[in-house]
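Working notes, structure below.
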There are 2 protein chains.
Amino acid sequence: MTSMQNSFTEENYLKIIHSLSGREGVEVSTNALAESTSTRAASVTDMLRKLADKGLIHYKKYQGVRLTDSGEKVAIKVIRKHRLWEVFLVEKLGFGWDEVHDIAEELEHIPSEILVEKLDTFLGHPRFDPHGDPIPDAKGNLTEPDYTILTDIQVGEKVLMMGVLDHAPSFLQHLDRSGITLGAVIEVKEINEYDKSASVQINGGQTLFISLEVSKNLLVQRR
Amino acid sequence: MTSMQNSFTEENYLKIIHSLSGREGVEVSTNALAESTSTRAASVTDMLRKLADKGLIHYKKYQGVRLTDSGEKVAIKVIRKHRLWEVFLVEKLGFGWDEVHDIAEELEHIPSEILVEKLDTFLGHPRFDPHGDPIPDAKGNLTEPDYTILTDIQVGEKVLMMGVLDHAPSFLQHLDRSGITLGAVIEVKEINEYDKSASVQINGGQTLFISLEVSKNLLVQRR
DNA sequence: ATATATTTTTAGGGTAGTCTAAATTTTTTA
DNA sequence: TAAAAAATTTAGACTACCCTAAAAATATAT
């Protein structure tokens, strides 16, 4: 049990490597990390050497980077904390789903295993965060549900709104104004050929037009 | 509105200067700060120059240090956050009052005014934290209640247990084992001359002996 | 297949916060 | 009130994380 503490910054790198390497654990490039961390490539190289020394990533010069099992564990713990705190902020404190990201970004680095487990219990062991992202369990199991992107849904199909790919406040606020919330029933009425915009009916009521840009960021589930 | 961010470390110095300078705003020494921050005097001197440059403290070399109004404001905000989070941890998450200090020490540095105000509302605007310390209001008003130390209570008097001076887990656990909780009625039955230990009755029930060391750390109120 | 463009790493450096050792100032004591 | 003791500051240095500019490696294009 090498329970050496990782810094705020190290945790962020691991979290970002996790999210950029996707489900298949593909190599992440230095430039992609520089972009995501808002630093320069040279700074990323420094940090990668450090994370490799600590055994948290697989790193060969010029070859990109991948999490080790131990790095993956740390990343998933951070993700678990982030998502649980988001649930707290929305469900208990009354924040909107468009307001919680930055605050959770800070809270996710508070140490204390016990805190996380008590928070989880207090929230009733939620399985998804306010954006529909799955919350890893205490053992570090993270099962990605197999959602479909709305662009893959045919005219006439009825689906359940389950999550978003884009977490930007402006996008989430747009959904709020359109009445598209998690759990809403979306029926695709029509798809325009020339721009792939769609006409959809929400919860059997209002019909509205959504652009391809929006469709590409909506995760839904067939019933 | 000079809303420049103060670092985690700066906030800690300000909070500690506040608590060491007491209600009269007396000068705090470099060595006292080194002790409280677990650093060396030389490091404290560096930080004091920095805080003085930022206008957060009054500092003249070799003369000790005092908060400016602006420094006082920052310190009180940190104290407000610390105490609100302690209430959350005890009341909502079920932590014991002996377990929350270190976690609150981290949470108190999470930025976001809105977060604090929503937390305060969620908790029902508590006036005291789990140790009986008063919680500053949103405007930064901190009114210290005029508690009495148990050593100043005469034999025969009945008082209410209102707070503790020592927040050490071992002390709080000792009180737990003795059945001395916030709000308990304490009647002083007898005081031993030679060691000032006392015999007290709790809530009209069990009688127990408490040492001078314990009495000196109990804050009570006459009724 | 070689020249060009892109990506990544190295070299050298900066700031925040910490340290030890030495110098200086203040306080205490005789 | 002068010497000794204690407290404080200065000097110089270290780590974590970041930077720019230049060098090296890889990828792309003709």
Side-chain angles (χ1 to χ4, degrees), chain A residues 2-17 20-21 26-67 71 74-75 78 105-106 108-111, chain B residues 2-17 20-21 26-67 71 74-75 78 105-106 108-111:
Chain A
T2 57
S3 123
M4 208 175 137
Q5 277 297 1
N6 301 298
S7 74
F8 188 106
T9 308
E10 287 167 352
E11 287 188 352
N12 269 333
Y13 271 85
L14 296 173
K15 183 186 60 169
I16 290 168
I17 293 168
L20 292 181
S21 72
V26 75
E27 253 76 20
V28 177
S29 76
T30 300
N31 267 358
L33 283 168
E35 163 92 39
S36 291
T37 55
S38 301
T39 62
R40 299 319 183 89
S43 311
V44 172
T45 300
D46 283 351
M47 182 56 79
L48 294 186
R49 210 157 33 70
K50 186 178 164 196
L51 293 173
D53 287 349
K54 286 181 131 189
L56 295 165
I57 59 172
H58 295 291
Y59 172 54
K60 274 192 294 255
K61 288 203 289 190
Y62 297 100
Q63 308 299 196
V65 83
R66 206 161 33 80
L67 292 177
V74 175
V78 175
E105 206 73 1
E106 303 279 335
E108 73 188 8
H109 302 291
I110 303 284
Chain B
T2 57
S3 128
M4 207 176 137
Q5 277 299 357
N6 301 298
S7 74
F8 187 105
T9 308
E10 287 168 352
E11 286 188 353
N12 269 334
Y13 270 86
L14 296 173
K15 183 186 62 170
I16 290 169
I17 293 168
L20 291 181
S21 73
V26 75
E27 253 76 20
V28 177
S29 77
T30 299
N31 265 359
L33 282 169
E35 164 94 38
S36 291
T37 56
S38 302
T39 62
R40 300 319 185 92
S43 311
V44 171
T45 300
D46 283 350
M47 181 57 78
L48 294 185
R49 207 156 36 69
K50 186 178 166 195
L51 292 173
D53 287 349
K54 287 183 129 188
L56 295 164
I57 58 172
H58 295 291
Y59 173 55
K60 274 190 295 253
K61 287 202 291 189
Y62 298 100
Q63 309 297 256
V65 83
R66 208 159 33 81
L67 293 177
V74 174
V78 176
E105 206 73 3
E106 302 279 335
E108 73 189 6
H109 302 291
I110 303 283

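Everything numeric here is computed off the predicted structure, so don't read it as measured data. Convention: sequence-line order gives letters A, B, ...; per-chain numbering from 1. Only this structure's heavy atoms are used, side chains among them; waters, hydrogens and symmetry mates stay out.
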Any side-chain N or O of [X] less than 4.0 Å from the OP1 or OP2 oxygen of [N]?
X: A:T30; N: C:dT9; value: yes
X: A:N31; N: C:dT8; value: yes
X: A:K61; N: C:dT10; value: yes

Can you tell me how far [atom2] of [N] sits from [atom1] of [X], to the nearest Å?
X: B:E35; N: D:dT8; atom1: CD; atom2: P; result: 12 Å
X: A:K60; N: C:dT8; atom1: NZ; atom2: P; result: 16 Å
X: B:R49; N: C:dT15; atom1: CZ; atom2: C1'; result: 13 Å
X: A:Q5; N: D:dT15; atom1: CD; atom2: P; result: 20 Å
X: B:L33; N: C:dT18; atom1: CG; atom2: C1'; result: 15 Å
X: A:N12; N: D:dA16; atom1: CG; atom2: P; result: 17 Å

Locate the shortest heavy-atom distance separating B:L20 from B:S36; write the atom from each residue and the value.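 So the minimum-distance heavy-atom pair works out to CD1-OG, 3.7 Å.
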
Which residues share a side chain to side chain contact (heavy atoms under 4.5 Å, CB included) with [X], sequence neighbours left out:
X: A:T37; result: A:Y13, A:I16, A:T39, A:V44
X: A:E105; result: A:N12, A:K15, A:H82, A:H101, A:E108
X: A:E10; result: A:N6, A:S7, A:M47, A:K50, A:L51, A:K54

If you look at every strand shown and take non-hydrogen atoms under 4.0 Å, does B:Y13 touch a base, only sugar-phosphate, or nothing?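 Contact class for B:Y13: sugar-phosphate only.
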
How would you label the contact of A:Y59 with the nucleic acid (heavy atoms, under 4.0 Å): base, sugar-phosphate, or nothing?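 Sugar-phosphate, no base atom in range.
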
Pairs where residues 29-38 of chain B contributes a residue and the test salt bridge (Lys or Arg N to Asp or Glu O under 4.0 Å) is met, not counting sequence neighbours: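 Residue pairs passing salt bridge (Lys or Arg N to Asp or Glu O under 4.0 Å), neighbours aside: none found.
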
Pick the nucleotide of DNA chain D nearest each of B:A32 and A:S38; which residue has the one closer to the 5' end?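 The answer here is B:A32.
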
Starting at the 5' end of DNA chain D, which residue's closest nucleotide do you reach first, A:Q63 or A:S7?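 Nearest nucleotide further toward 5': that of A:S7.
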
Solution key, residues 59-66 of chain B side-chain donor-acceptor pairs under 3.5 Å, sequence neighbours excluded:
| residue | atom | partner | partner atom | Å |
| --- | --- | --- | --- | --- |
| B:R66 | NE | B:E27 | OE2 | 3.1 |

Of the listed nucleotides (C:dT8, D:dC18, C:dT25), which one gets closest to any side-chain atom of A:S29?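 Looking only at side-chain atoms, A:S29 lies closest to C:dT8.
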
Stretch residues 40-48 of chain B: residues that reach within less than 4.0 Å of DNA chain C through a heavy atom: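 Residues of residues 40-48 of chain B under 4.0 Å from DNA chain C: B:R40, B:A42, B:S43, B:D46, B:M47.
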
I'd like to know if the side chain of A:T45 and the backbone of A:A41 have a donor-acceptor N/O pair within less than 3.5 Å.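 Checking the backbone N and O of A:A41 against the side chain of A:T45, a donor-acceptor pair under 3.5 Å is found.
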
